[in-house]
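Some notes on the structure that comes next.
For clarity, every value in this text was computed on a predicted model and none was experimentally measured.
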Amino acid sequence: MTLLEAVRVRVRTRHMSPATEVAYVAWIRRYIAFHGRRHPREMGEVEVGAFLSDLAVRAQVASSTQNQALAALQFLYVEVLGIPLAIGAAVVRARRLHRVPEVLSRAEVSQVLSVLAGTHRLIAQILYGSGLRLGECMALRVKDVDVAERVVTVRGGKGAKDRMSVLSESTVAPLMGQLGKVRQLYERDRHGERPVVPLPGALQKKTPSAGSDLAWQWIFPATRLIRDWESVHERDRNGLHVPPNHPAVRFHLHSSVMQRAMAQAVRDSGIAKRAGCHTLRHSFATHLLDAGYDIRTVQQLLGHNDVRTTMLYTHVTKKGSLGVRSPGDTLQA
C-alpha cells in the first residue's frame, strides 16, 4: 500500500467526507513535492513549518487555506504514520480572520433572478429561498422535496448531516415543471439503455433496483450519460456507487455549470459586488435575521454546528448595529 493509499484508507475508516479526502491528498502531494519528494517519515516539524511559511509568504494563501494544509499534515503524521506533530515554534497555526460575508439586497437578488432563465433560475431560487449550498442543491433527488409541505430535505450535507429547510412559494411552480421534465426523462431512459443513478453507501447492495426508481432520480440531471464511471476522479464519485459493469450512469448537473451562469448573471445585471452562488445562501440568512427570526432558527436552517458561525450574519443585518439611526440625521440643515 502506498502512502496516499494509506491516507485514503484512514480517511474512509473514520468516515470523513469525500471532499476532505480530496483536499488532504492534494495537500500531502504538494507537501512531498515541496521538499523534493522526500518521504514524510524523514521530515518533521521543521519541514512542515517551512511548507506552511512558503504558503503564507510566497503563495499568499488565506489563513483558512493555510490551516487546512496544517490539518492535512497533522492527519498524515498522527493518524497515518503515528508520529506526533507539535504545534509550536516551528509549526504555527494561522490566526483565523473573520470577514464580513458578501450579501445581496432583496432588489439585487430579484435583479439576478430576472437575468437567469430555466434550470439556472430555479437553482438560484432554491439557493436563496432555502439557504442551500450549491453542492447540496445539485444533489437533490425527487424524494427529497415535499412540495405539499413546502419542505426540502438535505441528505448528507456538510459534516455528513441531514437537515430540513423551507421551500419558498415562488419556487413551487417552476419546481413542479422541473419534476415533470425529470419524469419524462426517466420514462425515456427506461425505454432506452436503462441508465441508473448512483446510490450512496451500501444501498446499491441492499436495494439494487433503487437506482432505477423515480424517487432516486436527480432533480437536476446531467444531459449526458457517463459510460466510463471509473474515469471520474472524485473519491468514489463522492461516495456514490453503481452496479459493476453497468453500461451507462446518469449523474447530476455539475456545479460549474451553475457557477458560470451565476457569474454571468451578476455581470449582466450590473451589480458591482463579488457575488456567486454561495452569496445567495448568505443573503438567505441575512434577510431572515432582518425579518426578525431568531438566530437559533437560522442556525438550524443553515445546518451550522456552532451558533457562532451563524452570528457572522449579524454584522451585515440591518437589525443589528447598522439598524440604528445615525445622530447625523438629526442635525438641522
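When the side-chain contact (heavy atoms from CB on, under 4.5 Å) test is applied to A275, the partners found at least two apart in sequence or on another chain are L104, V266, T279. When the ring pair (Phe, Tyr, Trp, His ring centres under 6.0 Å) test is applied to H282, the partners found at least two apart in sequence or on another chain are H278, Y313.
Of the N and O atoms on the side chains of S168 and T171, at least one donor lies less than 3.5 Å from an acceptor on the other residue.
The ring pair (Phe, Tyr, Trp, His ring centres under 6.0 Å) pairs that include a residue from residues 103-137 are Y128-H287, where partners are two or more places apart or lie in different chains.
Relative to the six-membered ring of W218, R141 meets both conditions, a distance below 6.0 Å and an angle of at most 45° to the axis.
Between the CG atom of L199 and the OG1 atom of T207 there is a distance of 8.0 Å, given to the nearest 0.5 Å. Expressed to the nearest 0.5 Å, how far CG of L85 lies from CD of E79 amounts to 12.0 Å. Atom CD1 of residue I28 and atom OH of residue Y77 lie 9.5 Å apart, to the nearest 0.5 angstrom.
Ionic pairing of R296 and D294 is not present here: no N-O contact between side-chain nitrogen and carboxylate oxygen is shorter than 4.0 angstrom. Using a cutoff of 4.0 Å between basic side-chain nitrogens and carboxylate oxygens, E21 and R10 are not scored as salt-bridged.
Within the 3.5 Å criterion, the main-chain N or O of Y293 finds no donor-acceptor partner in the side chain of T297. No donor-acceptor pair closer than 3.5 Å links the side chain of R250 to the backbone N or O of V197.
Each of V152, V154, L302, T153 was evaluated against R163; a single residue qualifies, V154, per the side chain to side chain contact (heavy atoms under 4.5 Å, CB included) test.
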